[in-house]
Asks: 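First the structure, then my questions, so here it is.
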Amino acid sequence: MDTWDALKKDCAACQNCELCRTRTNLVFGVGREDAEVLFIGEGPGEQEDLQGEPFVGPAGKLLDDMLEMIGLDRSKVYIANMVKCRPPHNRDPLPEEQQACAPWLRRQIALLDPKLVVCLGRIAAMGQIDPDFRITRQHGQWFDRDGRRWMAIYHPSALLRDPSKRPETFMDLRELRKEIRERCCRTDTT
Ligand code: URA
């Protein structure tokens, strides 16, 4: 049977792709290890690489504000990335890097067994929900798979670049809060 300790140990020793050579820290994930809601980002940026925690840079500050809008914080959910090591110069993770890193996220999802999964941005949505995912058209929609509900919202970095997308994201977050209230008995949104 898998455990969080075994997974963290295996992941820390990962050399499945070249990103392990350029990283400062591996960014495993943060939050409740029995969270009912999982957020999945793309991969660590500069601050995340330096601090070893996901979403701690400017996009992370906005993510915290977004969570707060619906009464959530990091201690009530789990936050992970598809790729655990920073791609140089914040480029998108390559398909082979995503593939090499996929077993870690798969094991995190199996251990957590979340009811709701929220992909942050296009890259996570394409990797986790549908390779043809169109974030502009499909954000905020629920997809049922493996006994869970999956949704994608705009990545906080996209919202920093283009604040005009924020009202739509607020509606998506309200939809998420509604679903949490209906399905998640341990996740308080107040
Ligand atoms: N962007 C991501 O997708 N993940 C992080 O951890 C930080 C920024």
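Any value given below was found using the heavy atoms of this structure, including those in side chains, with hydrogens, waters and symmetry copies removed. Atoms within a ligand are numbered from 1 in the order they appear, just like the ligands themselves.
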Asks: Any non-hydrogen atom of His155 lying under 4.0 Å from ligand 1?
Replies: yes

Asks: Would Gly60 count as a contact residue for ligand 1, given that I'm defining contact as a non-hydrogen atom of the residue lying under 4.0 Å from a ligand atom?
Replies: no

Asks: Please lay out, stage by stage, how Leu72 and Arg177 fare under the test side-chain contact (heavy atoms from CB on, under 4.5 Å).
Replies: CA-CA 9 Å; Leu72 292 178; Arg177 181 175 61 187; over 6 Å; no

Asks: Do Asp73 and Asp64 make a side-chain contact, defined as non-hydrogen atoms from C-beta onward lying under 4.5 Å apart?
Replies: no

Asks: Where is the nearest protein heavy atom to atom 4 (N) of ligand 1: which residue, which atom, and how far?
Replies: Asn81 OD1, 2.8 Å

Asks: At under 4.0 Å between heavy atoms, is it the side chain or the backbone of Glu42 that contacts ligand 1, or both, or neither?
Replies: both

Asks: Check whether any heavy atom of Leu120 sits under 4.0 Å from an atom of ligand 1.
Replies: no

Asks: When you measure from atom 8 (C) of ligand 1 to every protein heavy atom, which one gives the shortest distance, and what is it?
Replies: Phe55 CE2, 3.8 Å

Asks: Report the residues that fulfil side-chain contact (heavy atoms from CB on, under 4.5 Å) with Arg107, sequence neighbours left out, ordered by chain and then residue number.
Replies: Asp2, Ala6, Leu7, Asp10, Trp104

Asks: For a 4.5 angstrom cut-off between non-hydrogen side-chain atoms, does Val77 reach Phe39?
Replies: yes

Asks: Out of all atoms in ligand 1, which are within 4.0 Å of some heavy atom of Pro54? Include the element for each.
Replies: 6 (O)

Asks: Before you tell me yes or no, could you show the steps for Arg122 and Phe133 under side-chain contact (heavy atoms from CB on, under 4.5 Å), namely the whole-Å CA-CA distance, both residues' side-chain angles and the distance that decides it to 0.1 Å?
Replies: CA-CA 7 Å; Arg122 183 181 66 91; Phe133 197 91; over 6 Å; no

Asks: Could you go step by step and tell me if Val117 and Arg149 meet the side-chain contact (heavy atoms from CB on, under 4.5 Å) rule?
Replies: CA-CA 6 Å; Val117 184; Arg149 306 210 88 189; over 6 Å; no

Asks: If the cut-off is 4.0 Å to any non-hydrogen atom of Gly41, which atoms of ligand 1 fall inside it?
Replies: 3 (O)

